[in-house]
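Here the structure is laid out as structure tokens; the discussion comes afterwards.
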Amino acid sequence: MKRKLVALLCMAAMVVGLVGCGGAGGAKGNIKVGIINNDPNESGYRTANVQDMKDTFTEANGYDAQFAYSLQNAEQIAAAQQMIQSGIDYLLLSAADTSGWDTVLKDAKAAGTKVILFDRTIDADASLYEASVVSDMAKEGETAVAWLASQNLAEYNVVHIQGAMGSAAQIGRSGALDAKAAAEANWNIVEQQTATWDATTAQQIVEAVIASGKSFNVVYAENDNMAQGAVAALDAANISHGVGGDVIIMGFDCNKFALENLKNGSWNYDGQCNPFQASTIDGIIKKLEAGETLAQKTIILDEKGFDASTITDDDVVKYGI
């Protein structure tokens with residue numbers, strides 16, 4: 001009866017799209033972790049990130065894990081509070097928004113729940129979490145904008161398709177482009193809208209720009225799905241793109257399809273965002289459980305930017321997700 005009840009609770013939680021249960025009924029003594037993440041369907045990056053977490057935080061590896069997925073900060077916060085109240089040992093957090101987490105982190109500290117951030121930073125005092133395993137989103141943006149500047153265009157007319165507003169990825173990737181456009185007279189942002197990581201919305205944005213008659217020669221999309229949607233709009237309008245084309249295509253995350261598009265010359269640039277953080281977090285937890293002091297609080301993942309003129313088959317295999 002107890003197992004049936006747990007199964008029913010998990011099914012009900014998945015229906016409302018908030019919490020997916022894992023590790024229910026795990027072995028006594030296992031470390032209890034609650035993992036708050038964004039929607040697995042958000043992007044290829046997120047799918048890989050979610051699977052990496054599921055593959056690592058298993059009963060076989062000594063964990064009793066709960067999972068919650070949402071693109072809404074309020075839903076993530078509610079799930080985190082429930083997990084803390086259930087007595088988890090660790091809260092692993094990839095926040096939908098950088099702000100609004102102080103109360104959750106303070107409640108976690110009061111309850112003895114250790115917090116580890118992953119994938120994204122948040123605006124909170126560092127004393128409220130144990131460690132942060134993240135990408136340097138600002139550096140991702142700076143690397144991409146530096147590459148674009150190296151193309152030495154006479155004029156940059158950019159269609160800027162943003163991710164979920166307020167997320168660390170959006171802030172970092174937007175910030176570098178905004179700063180460059182503000183500093184350089186020949187850099188113009190023709191259109192700047194959020195597509196919230198969605199290909200269809202990105203396609204509609206670019207279709208509207210084309211229909212308006214605005215001239216542009218760069219699409220700077222803050223993830224690969226949105227770049228893919230933008231390209232669909234260009235293809236439908238018979239506008240050339242990629243190496244030797246009329247429009248430079250830039251994406252982020254290094255989905256395999258994106259790197260293949262670089263390799264065949266239909267895209268120009270893709271910035272890596274490393275989704276594989278679970279093994280690093282597992283190592284941190286093991287050190288904390290052993291009473292060790294962490295050598296560093298913030299761990300920045302190593303990431304690259306890829307250019308259509310230099311990418312190799314080995315890069316596609318090694319870095320494509």
Side-chain angles (χ1 to χ4, degrees), residues 20 22 33-58 61 63 65 67-71 76 90-98 115-122 129 131-141 143-144 162-164 167-173 195-199 221-228 250-262 267 269-285 298-306 311 314-321:
V33 296
I35 302 173
I36 304 288
N37 209 334
N38 291 259
D39 187 340
N41 298 313
E42 171 203 77
S43 62
Y45 167 88
R46 189 63 53 188
T47 301
N49 181 255
V50 165
Q51 192 59 53
D52 187 41
M53 293 291 172
K54 284 185 173 181
D55 290 344
T56 299
F57 295 102
T58 63
N61 286 340
Y63 292 100
F67 298 87
Y69 306 109
S70 178
L71 290 172
Q76 286 191 335
Y90 291 87
L91 176 67
L92 313 185
L93 173 62
S94 176
D97 198 297
T98 56
V115 177
I116 299 173
L117 308 181
F118 69 94
D119 174 46
R120 297 173 172 183
T121 57
I122 59 174
Y129 56 87
S132 179
V133 181
V134 294
S135 296
D136 188 337
M137 303 297 188
K139 185 179 178 182
E140 288 179 7
T143 301
Q162 297 171 292
S167 67
Q170 178 273 314
I171 292 169
R173 295 169 191 175
T196 320
W197 313 123
D198 180 63
E222 292 183 357
N223 83 343
D224 292 335
N225 289 1
M226 297 189 300
Q228 190 175 44
M250 302 177 68
F252 289 86
D253 289 352
C254 287
N255 285 275
K256 188 161 286 187
F257 73 82
L259 297 186
E260 288 171 346
N261 284 331
L262 285 189
W267 291 22
Y269 176 90
D270 205 53
Q272 185 188 21
C273 192
N274 189 343
F276 303 114
Q277 300 141 13
S279 62
T280 300
I281 297 169
D282 177 49
I284 289 170
I285 291 174
T298 300
I299 298 171
I300 304 294
L301 300 169
D302 185 37
E303 295 174 334
K304 303 173 180 290
F306 293 93
I311 193 169
D314 286 344
D315 289 332
V316 175
V317 172
K318 183 176 181 179
Y319 296 104
I321 59 175

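As the structure is a computational prediction, the values presented were derived from the model and not from experiment.
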Please report the shortest heavy-atom distance between [X] and [Y], naming the atom on each side.
X    : Y    : result
A168 : T98  : N-CG2, 3.8 Å
T298 : V134 : CG2-CG2, 4.3 Å
G44  : N225 : N-ND2, 4.2 Å
W197 : S167 : CZ2-OG, 3.6 Å
M226 : E222 : CE-N, 3.5 Å
G251 : A227 : CA-CB, 4.2 Å

Using atom types as modelled and distance alone, determine if a side-chain donor or acceptor of [X] lies under 3.5 Å from a backbone N or O of [Y].
X    : Y    : value
D282 : F57  : no
Q170 : Q162 : no
D52  : Q277 : yes
T47  : S43  : yes
R120 : A95  : yes

In Å, rounded to the nearest 0.5 Å, how long is the span from [atom1] of [X] to [atom2] of [Y]?
X    : Y    : atom1 : atom2 : answer
L93  : I122 : CG    : CD1   : 5.5 Å
F276 : D55  : CZ    : CG    : 10.0 Å
R173 : K139 : CZ    : NZ    : 14.0 Å
N274 : Y45  : CG    : OH    : 7.0 Å
L92  : I35  : CG    : CD1   : 5.0 Å
Y129 : L91  : OH    : CG    : 13.5 Å

With a 4.5 Å limit on heavy-atom distance, are the side chains of [X] and [Y] in contact?
X    : Y    : value
Y269 : T143 : yes
I311 : L259 : yes
V33  : I281 : no
S135 : Q272 : no
E303 : D136 : no
R46  : Y69  : no

Partner set under side chain to side chain donor-acceptor pair (under 3.5 Å) for Y90, not counting sequence neighbours: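 Partners of Y90 under the side chain to side chain donor-acceptor pair (under 3.5 Å) test: E289.
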D119 versus N49, side-chain donor and acceptor atoms under 3.5 Å: no
All side chain to side chain contact (heavy atoms under 4.5 Å, CB included) counterparts of A96, not counting sequence neighbours: N38, N73, Q76
Passing candidate, side chain to side chain contact (heavy atoms under 4.5 Å, CB included) with N255, options N261, D270, D224: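 Exactly one candidate clears the test, D224.
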W267 and F257 aromatic ring geometry - parallel, tilted or perpendicular at 30°/60° bounds: perpendicular
